[in-house]
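Report on one structure; see the data block that follows.
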Protein chains: 2
Amino acid sequence: MDDSEFEHLLRSADLRVTRPRLAVLRAVRRHPHADTGSVLAAVRVEEPNVSHQAVYDVLGALTDSGLVRRIQPAGSAARYELRVGDNHHHVVCRSCGRVADVDCAVGHRPCLTASAADGFVIDEAEVTYWGTCAECASAPAAT
Amino acid sequence: MDDSEFEHLLRSADLRVTRPRLAVLRAVRRHPHADTGSVLAAVRVEEPNVSHQAVYDVLGALTDSGLVRRIQPAGSAARYELRVGDNHHHVVCRSCGRVADVDCAVGHRPCLTASAADGFVIDEAEVTYWGTCAECASAPAAT
DNA sequence: CCGGCTTTCTTGAACGAGTCAAGTCTTGCT
DNA sequence: AGCAAGACTTGACTCGTTCAAGAAAGCCGG
């Protein structure tokens, strides 16, 4: 039980330590890339009385303070993961929506050296790979 | 009037040539990165009787046949552009949501050489840059 | 040029993710 | 323990998008 670790994370981000927050952190750790609904479901296994709004609030607060990372592939609801700060990217399965981590191919911030940027000041480059996951590749015409 | 060009595009994609479709193509050409609502509004300037559903259908059909490209930055509704097939990317302004094109920094498909992909077969790499546009940078606390 | 088959469009309802707002409960500090 | 700010609950609501059924138009063969 390393809830104490989560507790420190929260405190270091100036966030109060509450049962819903710990439950959300555990849920996200257990289910990487889970969308809000799944996080809510996972949270309610341990804390049945947490409202959906609380989960939205908590995920928002955690995202704002950088404790979790939010990703939002086109056509999917927001998803969350604990793995932050290592500049990794994601592969998304076109047929089932599954998401997996991909370590950055380049090693350093990829393509962050965008050339003509139209006056924009760029602070992050996000790479999303699209393809087909192993399961969907072997089961072509599912559902 | 190069509607004839759009007409050819449609025919070559096995799509019937209709007034709504031509209007949508013109609207997307005129307003790159416009979201569905803006496209609908632009379409109705020329064709006031087009339903919102028609626009969704048309944009869907055009996207499926590769005549337009759909992008969906996190936190934004779907946006469309005519510029396809040249592997360019996008910068999104964090504060106003504005989108601009960025030519691929690497030249060739960037980072498409994803290493460990967990069994995924990758067919596309999409890069989204996040930052602040010139206007928002100069007008810090707008709105 | 016309019928007829198919695709596309219109109308109207529905859905899901996410947000807003008001009031109550907790946490962390003193 | 007691207080103030922050966090949670409840419930309504918005917005983008999709579903469904029927009417209308495009395209092909004759």
Side-chain angles (χ1 to χ4, degrees), chain A residues 3-4 6-25 27 33-44 46-65 67-68 70-80 97, chain B residues 3-4 6-25 27 33-44 46-65 67-68 70-80 97 99 143:
Chain A
D3 265 24
S4 55
F6 286 150
E7 218 179 300
H8 286 119
L9 276 176
L10 288 170
R11 289 194 202 284
S12 66
D14 266 306
L15 293 172
R16 291 185 180 169
V17 178
T18 67
R19 297 174 68 70
R21 283 177 177 169
L22 291 173
V24 165
L25 283 168
H33 310 131
D35 58 45
T36 311
S38 309
V39 171
L40 177 58
V43 163
R44 284 190 171 153
E46 319 181 321
E47 304 278 346
N49 299 318
V50 172
S51 64
H52 81 131
Q53 187 61 254
V55 171
Y56 275 100
D57 286 353
V58 169
L59 287 171
L62 295 179
T63 302
D64 289 347
S65 19
L67 299 192
V68 305
R70 170 192 282 138
I71 60 173
Q72 233 170 306
S76 158
R79 291 162 177 274
Y80 298 87
Chain B
D3 266 25
S4 55
F6 287 151
E7 217 179 301
H8 286 119
L9 276 176
L10 288 170
R11 289 194 203 285
S12 66
D14 266 304
L15 293 172
R16 290 183 180 172
V17 178
T18 67
R19 297 173 68 71
R21 282 175 178 170
L22 291 173
V24 166
L25 283 168
H33 311 132
D35 57 45
T36 312
S38 310
V39 171
L40 177 58
V43 162
R44 284 190 170 152
E46 319 181 320
E47 305 277 346
N49 299 317
V50 173
S51 65
H52 80 130
Q53 187 61 254
V55 171
Y56 275 99
D57 285 353
V58 170
L59 287 172
L62 294 179
T63 301
D64 288 347
S65 18
L67 299 191
V68 305
R70 171 192 281 137
I71 61 174
Q72 233 171 307
S76 158
R79 291 162 177 274
Y80 298 86
V99 174
T143 305

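Below, chains carry the letters A, B, ... as their sequence lines are ordered, and counting in each starts from 1.
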Length of the line joining [X]:[atom1] and [N]:[atom2], which is rounded to integer Å:
X: B/L15; N: D/dC27; atom1: CG; atom2: P; answer: 10 Å
X: A/R70; N: C/dG18; atom1: CZ; atom2: P; answer: 8 Å
X: A/L59; N: D/dA7; atom1: CG; atom2: P; answer: 14 Å
X: A/Q53; N: D/dC13; atom1: CD; atom2: C1'; answer: 12 Å

(request) Find out whether A/P73 and B/Q72 are in side-chain contact, i.e. whether some heavy atom of one side chain is under 4.5 Å from a heavy atom of the other. (result)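 Side chain of A/P73 against side chain of B/Q72, heavy atoms only: no contact under 4.5 Å found.
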(message) A side-chain contact here means heavy atoms from C-beta on lying under 4.5 Å apart; do B/R16 and B/L10 qualify?
(response)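 In short, these two side chains do not touch, never coming nearer than 4.5 Å.
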(request) Look at the side chain of B/R19 against the base of D/dA25 and say whether a donor-acceptor pair falls under 3.5 Å; ignore hydrogens and angles. (result)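 Absent.
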(request) Classify the side chain of B/R16 versus the base of C/dT6 as yes if they form a donor-acceptor pair under 3.5 Å and no if they do not. (result)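 Such a pair is found, so the answer is yes.
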(message) At 4.0 Å (heavy atoms only), tell me whether A/A61 reaches a base, stays on the sugar-phosphate, or touches nothing.
(response)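 Here A/A61 touches no strand at all.
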(request) Pick base, sugar-phosphate or nothing for A/D35, based on heavy-atom distances below 4.0 Å to the nucleic acid. (result)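 Result for A/D35 = nothing.
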(message) As a test of reading the structure: which of C/dC9, C/dG12, D/dA7 is closest to the side chain of B/T18, going by heavy atoms?
(response)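 Nearest to the side-chain atoms of B/T18, counting from C-beta on, is C/dC9.
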(message) Using five pairs at each end of the helix from C/dC1-D/dG30 to C/dT30-D/dA1 to define an axis, what is the angle between those two axes, to 10°?
(response)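 Between the axes fitted at each end of the helix from C/dC1-D/dG30 to C/dT30-D/dA1 lies an angle of 40°.
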(request) Determine the minimum heavy-atom distance between B/H52 and B/R44, stating which atoms define it. (result)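 Looking at all heavy atoms of both residues, the shortest contact is N-NH2, 3.6 Å.
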